[in-house]
Amino acid sequence: MSKMVKVGKNVFKDMLKFKNLGKTRDDIIHSNSSDFRNDSDPISEKADHLHPNLLKVRVTDIIPRYDAKEFVLSSLDDSPLPFFRAGSYISIKTKIGESITSRPYSICSSPKLALEGKYSVMIEDYPAGFVAPYLYKNLKIGDEINISSPMGTFYYEPLRDKNHVIALAGGSGVTPFISMAYAIRDKIEDFNLTLVYGSRTTDSIYFKKELDEVIKETDKVKVVHVLSDDKIDGYEYGFITSEIIKKYTPLENYSVFACGPGSFYAFMKEDIKKLQLPKRQIRFEMEAVGRDFSKDPNYPRESKDCIYKGIIKQGAREYKIDIRGDEPILCSIERAGIKAQSSCRSGVCGWCRTRVVKGETYNPEKNENRRKGDIILGFIHPCASFALSDLVLEIAEDY
């Protein structure tokens, strides 16, 4: 026997409230501060001072460096900037058109200058790039920009590294080693550094004068120049090889640090095996994501020219964007004007960690630095991942 149920006049309103419960909750969460700490907590204040998420600095000097420029960045009130380990990098935040993006640059100044409120970075005029040529041409003295705190792990650690470091640098890859040389000179770091530095010609050697001065001031730093285009007495000729490294490293115990462009890494990673060093004694700086990844054997080439549909979920907000198959997913997110967290842009730091709700991605092996748990649970680093289908992604809020 059927029974009649009387429906109250507010039941549909209640059902609508229940349907929108998730969105209402997200709106309430998003409208409140995520900072759970007491603002008057001295420990929190100290932590924010030493490790701020974002710093505003002013360009106070620009020094020409062959086909690049060294930009001196100073705190707005001349107060000290966060101290750093020589070899660290900062990420410069900028807006180009509708794109809100960032790029990492190694600090090429002494950590000592941070106490005077100064960092220096070198930016090349790289025509094929997006951010580098924009900053190179447009940054001028007096401009104020946002940067991250110093980051990275490419620095000397006495508990891990040998007391003698053989630094291999190609072109602009010399910048972290310039900082290390300054730190040794200033007695901030205590290890021996032999820099084997590859350039095309004597004119294209970055920081030649500064390196010569450091060598005069400390016997802990030595420099070997290798020129690919010039044969000159007092310089090695050709490319940096394991044979040249052996020639200047009579020691049995040493660590090797390397930094340079992609082609430099590709060669050195193979040739350096001839040194027969334990893996723990060989360290490469983060390798940028390659532009011609379509040659990777596991990449489905048919995806390169595709444009996929993407749904980007960020807190309570949702965006519909196009995602190009021929660039890292993060670039398409930024091109759409979405503020997304990022720093290293090499798949290492994890700041851009993103959950794939739906869809497939390609993650180049040379930039695969995800934790195994993240791989199993479907997280990617969009700075080093490429779309293979339409995607639904959950990204973190930007600071």
Side-chain angles (χ1 to χ4, degrees), residues 68 86-89 104-106 108 122 124 126 128 152-157 160-162 164-181 191-201 204-207 211 221-230 235-293 295-297 344-348 364-369 384:
S88 301
Y89 71 90
Y105 293 97
S106 293
C108 58
M122 188 178 77
E124 291 181 274
Y126 185 62
T153 58
F154 192 69
Y155 50 75
Y156 174 75
E157 174 50 64
R160 173 194 60 208
D161 303 313
K162 300 298 180 180
H164 198 123
V165 171
I166 308 302
L168 311 178
S172 61
V174 74
T175 49
F177 303 127
I178 294 292
S179 184
M180 291 182 194
F191 63 96
N192 294 290
L193 178 70
T194 297
L195 172 60
V196 184
Y197 180 17
S199 306
R200 294 196 304 276
T201 65
S204 66
I205 298 175
Y206 299 117
F207 299 94
L211 285 170
V221 177
K222 295 178 174 57
V223 180
V224 178
H225 290 289
V226 183
L227 304 179
S228 62
D229 297 357
D230 285 348
Y235 296 81
E236 291 289 342
Y237 174 69
F239 298 99
I240 299 174
T241 64
S242 56
E243 293 304 313
I244 289 179
I245 297 170
K246 290 176 183 177
K247 181 178 178 180
Y248 293 96
T249 53
L251 305 170
E252 292 185 3
N253 289 319
Y254 59 91
S255 292
V256 172
F257 285 27
C259 184
S263 56
F264 173 82
Y265 281 172
F267 176 78
M268 290 311 308
K269 283 185 175 180
E270 290 301 314
D271 195 64
I272 210 170
K273 293 176 182 178
K274 298 175 184 177
L275 299 177
Q276 297 183 329
L277 292 173
K279 286 186 177 180
R280 65 179 178 274
Q281 290 174 222
I282 301 174
R283 306 193 60 225
F284 282 81
E285 174 60 304
M286 297 179 301
E287 186 173 0
V289 179
R291 286 177 167 78
D292 195 11
F293 60 89
K295 291 183 180 178
D296 291 358
C344 75
R345 304 189 78 93
S346 299
V348 176
E365 184 177 353
K366 73 182 185 71
N367 296 105
E368 180 57 275
N369 294 285

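Starting from 1, each residue takes its place in the sequence as its number. Fair warning: this is a prediction, and the values are worked out from it, not measured in the lab.
Atom CD1 of I178 and atom OG of S172 lie 11.5 Å apart (nearest 0.5 Å). Taken to the nearest 0.5 Å, the OH atom of Y156 stands 10.0 Å off from the NZ atom of K162.
For the pair F264/K269, no side-chain contact is recorded, criterion being any heavy-atom separation below 4.5 Å from C-beta on. Side chains of T241 and K274 form no contact here, defined as non-hydrogen atoms less than 4.5 Å apart.
By the 6.0 Å contact criterion, CZ on R200 is open, its count of non-hydrogen atoms from other residues, nucleotides or ligands being 12 or less.
Of the possible donor and acceptor atoms, none in the side chain of S179 sits under 3.5 Å from a partner among the backbone N and O of P176.
Counted by atom type alone, E287 and S346 present zero donor-acceptor pairs between their side chains at under 3.5 Å. In the model, H164 has a side-chain atom that pairs as donor or acceptor with a side-chain atom of T194 under 3.5 Å.
Partner of Y197 under the side chain to side chain contact (heavy atoms under 4.5 Å, CB included) criterion, chosen from I205, V224, L168: I205.
Annotation: cation-pi geometry not satisfied between K222 and Y248 (NZ/CZ under 6.0 angstrom from ring centroid, within 45° of ring axis).
For an aromatic pair to be called close, the ring centres must be under 6.0 Å apart, and Y105 with Y89 fails this.
Residues I166 and I245 approach most closely at CG2-CG2, 4.2 Å, considering heavy atoms.
F154 is linked by a ring-ring contact (aromatic ring centres under 6.0 Å, His included) to F177, F257, counting only residues two or more places apart in sequence or in another chain.
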